Structure formats: C-alpha cells, structure tokens
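Input: a single structure, listed below in structure tokens.
Every value quoted in this text rests on a predicted model; they were computed, and no experiment measured them. The sequence lines fix the lettering, A, B, ..., with proteins before strands; numbering per chain opens at 1.
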Amino acid sequence: MGAGPAGMSAAVAAADGGLRVLLLDEQPQPGGQIYRNVGAGCAAPKWLGKDYAAGSQLVDALARSGVTVQSGAAVWRVDGGPRVVWSQNGLSRVTTAPYVLLASGAQERPVPFPGWTLPGVMTAGAAQILMKTAGMLPKDAVLAGSGPLLYLVAAQMIDAGCPPKALVETQTHGMLLRALPHLPKALFSPDMLMKGLGLIGKIRAAGVPRYKGASGFAATGDGSGMVNFSFRCKGKLQNLKCTLLLTHQGVTPSTHMSRAAGIKHEWNAAQHAFQPICDIWGATDRPGLYVAGDGAVINGASAASATGKLAALDILRASGRISADARNQRATTSLSALFRARAIRPFLDAAYQPPAEILSPPDQTIVCRCEEVTARAIRQGISEGANGHRQIKTSLRAGMGPCQGRMCDATVRGILSAGKASRMGGIDPPRARAPIKPITLGELAALSPQSEDTA
Amino acid sequence: MTIVARFQPPPDTGATAEFEYEGAAITAPLGISLAAALLAHSGAFTRQTAGGDTRTAFCMMGVCFDCLVEVDGVPNTQACMTSVRQGMVVRRQIGLRRLNGCSDS
C-alpha cells in the first residue's frame, strides 16, 4: 500500500523476484508526495531540482515491472490474515494476500497557532504539491517554522522566480548547539549535508530576509484575504503582511493504517512521534504485515526506497523464493544506502526539533480543525480529569471529525504531556479503527463475499 | 469583494476543463485537482465549518479534510483528491452535510 519510493521499490523488487504484486495508492499517479506527479508525461520544471526528477526512474521501473497498480484506491481496513479492504470510484473491494507491505509515508507535523485555520495559511508541503501537480507558484508567501523541507521549498520558490517574502525560523542557536555532537556521524551522509548547505546558500544569496529563533506565531485576516502574521524575534514583536503563510515543522509517520492493523508502536523521542515497531526487514509483530519508508520511521526518500527493497527481499525469503543467504547477499546495497541516509538523521532531528509552543499551543488556538476544539477546552478537560486521548475524544470530540485525529493527535498529546516532556511517550498512542478513511454507507453495502479476491 | 489571489495562475498546458463553481464558470487545466483549480480561481474560502469559520484547502494531500466541497450534489468531497472534470458542478460546503444527501433544496 502506497506508491511512494518505499512502495514502488518494494513492488518492483518483489515482482522481479517472481511474485504477483498489487500496488494500491490513493493518488491519481504513482510517486507518493515526494515524487508527486513526476511521471505525468510532461517534463518536470527545472526548479523542482534533480532529486525530484530522479523519481521518474522509479516510476518508469514500476511501469515496466508487471505490477498491477490501482491508483485512486483508498485502503480503509487492514486485518491480520492479511486482508485489505479498499475503495475505488465509490466501490469497496477485499483483497487477501500472504504478505502485505504498508508504505503509508509521512505527513507534515501540525503547526497549530492562533489563526492557522485561516484561508491563506497552508502547509509548506501543500504549496510544494501545488507546484509539482499544477505548476502553481506561491505569490508573496512567508515561510515559517523549521526543517529541511522549509529550506527546500524556499529554494524551489527562488529558482521558480517567486522567492519567499521572508523565512521565519523557529530554530534557535541552542538547538543547533545540541545538534552539533551529531554532526560527525552526519558526515556519512555527505550528499544530504551538501544539499542542505546548498539550499541555505541559495536562500542567503537571494537575499531573503530571515528571522531566527522566532516564537509566538499568530495570524489574522483583514477581510480582503491578506494574512497579517505576527511573531516575536529577539524580544521584538514583528508583523508581516502576506497573501500566503506557509508553515512547516517537520514530518511524522502516517500511522493510522499500521495502528488500525494492530501493529505495536513505540515512541520515538528524537522525532517526537509514534512509529510501528519492526525489524531491519520491516517485519512487524503481525504475521505477514510489513512496514517500510517514512511510515515506519522518518529517514527520507532514499532510505524509504532502500527499506522497501529490504522488505521485498524478506518477503521473497518468507515465501520460499530465495534463501536467507541470498536475501542477505542481495540486501547489501540497500543496507549501505540505508546506513548513509540514516546517518544525518540524529543531527536533523536535534537541529529542527519542534518548539514547545507548537507541541502545546496557546489557549485560543484551534487544535482539532474538524471539530473546532481549542487548546483551552483541552486543558479544561485535563483539569476535569481527562488523562489520555480517549477521554479527550469522548468528552470534547477532538479527533472525531473526518480527518480522524490526523491533524490534532500530536497536539492533544503535546498538551497532555506539557511540562512533563519525559511523559510524552508514556501516554498510549490514540486508537485508530477501521474505516481509517471516511467512506459512504454505499461503499460498505456494496461489499459482498463475491468481491473478495486474492492478490 | 474580490479576495486576493495567493498563487500565480497555472501554466497553460493545452487541454482544459470547464466547470461551475458557485454559479461561476471556471476553466482549469485538465489533470489538476479541484482544490488546485479553486485556489487558482480565488483565495476565498471554499467551506464553512459548523461553527461558521471559513476554511479552504490546507494540506493538499488528503490528510486534513479542510477542502471539503459539494461536487455534483455529493457533499463531503475532498477537493484535493478529486481531479477537475468537464461540466462538474461544485458548490461550497456550508456547515455539516445534510443527512438526506443534499446540502440544499
């Protein structure tokens, strides 16, 4: 499931090994978010960069592989067995297979602050998707937050001729100092380091104003659609007027599918997120269920591609196609690629950690965008005895809207554990239940025993 | 009142689709998502929450559900997961969907 770098690499490797493979993906084209639209038939604009263009190799390999690709397919249930229920064009189907690989990828960490629900405030990733899929370039946009993607989007905007009005960075000198001990290890990822330095150099050369160590984000609208963005920087209150405010504070694994499938999860303190527990091959505690890519742990696209291949090799071993020795032998390239991609991660995790006020935002902030639940209401709920996601959900409906907590789980957790950072992982991850995407009763009713097929 | 556009218009790629949004005729490149087409058309809100707050597409990847609109009479449609189609009739989703399946008479 999932046609990003992990899913595509795994599908191609499994098909090469002689397995029948079905690849389900929610988007209209394979590529995932990172290589979104790369195979759509038109040459990618130069400003998206060579790393983006490289995605077309994976898409082409997939097209040649004999893998059955179902696009526009939303998986809404995964059971042990394994059994997958998915919906496409309003009809649901059930597929059983001895091995299922979840490659659900990542989502941007929510960046809640007063005004983040206004039209005109979007995620930096959303703007990048618009650039990739529609060639739409942001106008007079301010980029705010921190993390590699923020720099990448800024550099792509500069190359496309629509540089950001300003970069408002939550990163402080303290974070950078705490990241420094991880720098020697990061030298094993020279490509990534050089790429990062190149992006920052480009932003500097373009003369984009940068505000570092910024805090106290707030946005208001003025009726004409303009966004007034205010924040504190170096003790001073700053105001920027823009048509678009793009925020980003790193990415987290998308775990609705893996949690709903009953896979055990653990707290990753460095990345401030829950992730499914798996071995180096992506095998989980649920027989036949594997995870790979950023949905297992955030390591980026090249690691995702490597873990997809590793999972496919182990599935080939488990299904008796190759021996364990052959698996290990064929895994060496992917293992070393994975090592190189992972080496920079501790540095990035420390340098771009989310600030406390994003994890636990001010009272008037809407935390649950669907049900319009504020941070104040959640704090009130906690003072009345709520001590976990479930009570917050049942008493306030936070997480009960159509996004099913994808936009608020992290913030509810942040508020629950505010001031007790060591407890972040001590609270159980919220339950995720099928259907993990909203579906119509018609899609449910259309299910019949005849609609079951085997991959 | 015209709301400021937040994006430069999508480049002309040849084939286009014409559809209706809140009574207005919109032309958009074929292949782009409805959410992209609506953002290119105007920076104004495309849905109103039950509490009266105004929203529009936020994540563009199917996670947030803030781009919900009514397409050809079907409410709760994710505009970011829907490609533009010739002749589609799109309306803002105001408040929660009605349980009879229609958001208006």
Side-chain angles (χ1 to χ4, degrees), chain A residues 26-29 33 36-37 40-42 45 72 74 90 105 107-108 110 116-123 125-131 133-141 160-162 221 223-227 242-245 254 366 369-372 401-404 406-407 437-438 440, chain B residues 1-14 28-68 74-78 80-84 93 96-97 99 101:
Chain A
E26 210 176 3
Q27 297 297 336
Q29 312 260 352
Q33 301 305 333
R36 190 83 188 256
N37 222 36
C42 44
Q107 67 164 76
E108 288 180 273
W116 76 308
T117 54
L118 282 173
V121 182
M122 298 180 86
T123 69
Q128 201 194 33
I129 288 169
L130 283 160
M131 290 164 81
T133 58
M136 280 165 63
L137 303 176
K139 276 207 272 196
D140 289 331
C162 58
S224 75
M226 293 295 282
V227 176
C242 55
T243 53
L244 193 59
L245 173 59
S254 292
I366 287 178
R369 295 174 67 101
C370 299
E371 296 291 333
E372 305 181 87
C403 97
Q404 303 176 327
R406 286 168 174 86
M407 294 307 294
K437 285 272 163 157
T440 61
Chain B
M1 176 176 218
T2 314
I3 297 286
V4 61
R6 309 180 199 283
F7 290 88
Q8 293 169 23
D12 185 8
T13 50
L30 262 184
I32 75 171
S33 69
L34 175 57
L38 295 178
L39 284 168
H41 169 65
S42 156
F45 75 97
T46 51
R47 86 170 176 108
Q48 205 170 49
T49 64
D53 211 0
T54 54
R55 305 275 177 87
T56 192
F58 177 71
C59 80
M60 290 304 294
M61 57 180 277
V63 173
C64 78
F65 291 76
D66 260 327
C67 63
L68 294 181
V74 181
N76 278 7
T77 304
Q78 282 183 286
C80 77
M81 304 295 279
T82 307
S83 298
V84 289
Q93 181 155 322
L96 301 177
R97 62 163 289 185
L99 283 178

Subject >> Stepwise side-chain contact (heavy atoms from CB on, under 4.5 Å) check, B/Cys59 with A/Gln107 >> reply: CA-CA 9 Å; B/Cys59 80; A/Gln107 67 164 76; over 6 Å; no
**OP:** Locate the shortest heavy-atom distance separating B/Cys64 from A/Cys403; write the atom from each residue and the value.
**Re:** O-CB, 3.8 Å
Subject >> Interface moiety of A/Glu371 toward chain B, non-hydrogen atoms closer than 4.5 Å >> reply: neither
Subject >> Donor-acceptor contact present, side-chain A/Glu372 to main-chain B/Gly51, <3.5 Å >> reply: yes
Subject >> Test log, rule side-chain contact (heavy atoms from CB on, under 4.5 Å), inputs B/Asp53 and A/Ile366 >> reply: CA-CA 11 Å; B/Asp53 211 0; A/Ile366 287 178; 3.8 Å; yes
**OP:** Enter the distance from A/Leu118:CG to B/Phe45:CZ here, rounded to the nearest 0.5 Å.
**Re:** 13.0 Å
Original post:
Which residue out of B/Thr46, B/Thr54, B/Thr56 racks up the most heavy-atom pairs below 4.5 Å with chain A?
Top reply: B/Thr54
**OP:** Mind checking the CD-OG spacing from A/Gln27 to B/Ser83? Nearest 0.5 Å is all I need.
**Re:** 9.5 Å
Original post:
Which bit of B/Met81 is near chain A, if near means a heavy-atom gap under 4.5 Å: side chain, backbone, both or neither?
Top reply: side chain
Original post:
Between A/Leu244, A/Thr117, A/Val121, which residue shows the highest count of heavy-atom pairs closer than 4.5 Å to chain B?
Top reply: A/Thr117
Original post:
Where does A/Ile129 contact chain B at under 4.5 Å (heavy atoms): side chain, backbone, both or neither?
Top reply: side chain
**OP:** Of all the heavy-atom pairs spanning A/Ala134 and B/Pro10, show the shortest one and how long it is.
**Re:** O-CB, 3.4 Å
Subject >> Member of A/Cys242, A/Pro138, A/Pro119 meeting the side chain to side chain contact (heavy atoms under 4.5 Å, CB included) criterion with B/Arg6 >> reply: A/Pro119
Subject >> Atom pair OG1 (A/Thr243) and CD1 (B/Ile3), whose distance is rounded to the nearest 0.5 Å >> reply: 12.0 Å
**OP:** I would like to know whether B/Leu39 and A/Met122 meet side-chain contact (heavy atoms from CB on, under 4.5 Å); could you show each step before the answer?
**Re:** CA-CA 11 Å; B/Leu39 284 168; A/Met122 298 180 86; 3.8 Å; yes
**OP:** Could you tell me which non-hydrogen atom of B/Phe58 sits nearest to which non-hydrogen atom of A/Ala126, and how far apart they are?
**Re:** O-CB, 3.2 Å
**OP:** State the OG1-CE distance between A/Thr133 and B/Met60, to the nearest 0.5 angstrom.
**Re:** 5.5 Å
Subject >> Most contacts with chain B, counted as non-hydrogen pairs under 4.5 angstrom, among A/Arg369, A/Lys437, A/Arg406 >> reply: A/Arg369
**OP:** Using non-hydrogen atoms and a 4.5 Å limit, figure out which bit of B/Ala5 sits close to chain A: side chain, backbone, both or neither.
**Re:** both
Subject >> From A/Cys370 atom SG to B/Arg55 atom CZ, the distance as rounded to the nearest 0.5 Å >> reply: 8.0 Å
Subject >> Heavy-atom pairs under 4.5 Å with chain B, option from A/Pro110, A/Gly221, A/Gly135 with the top count >> reply: A/Gly135
Subject >> Closest heavy-atom pair and its distance - B/Ala36, A/Leu130 >> reply: CB-CD2, 3.4 Å
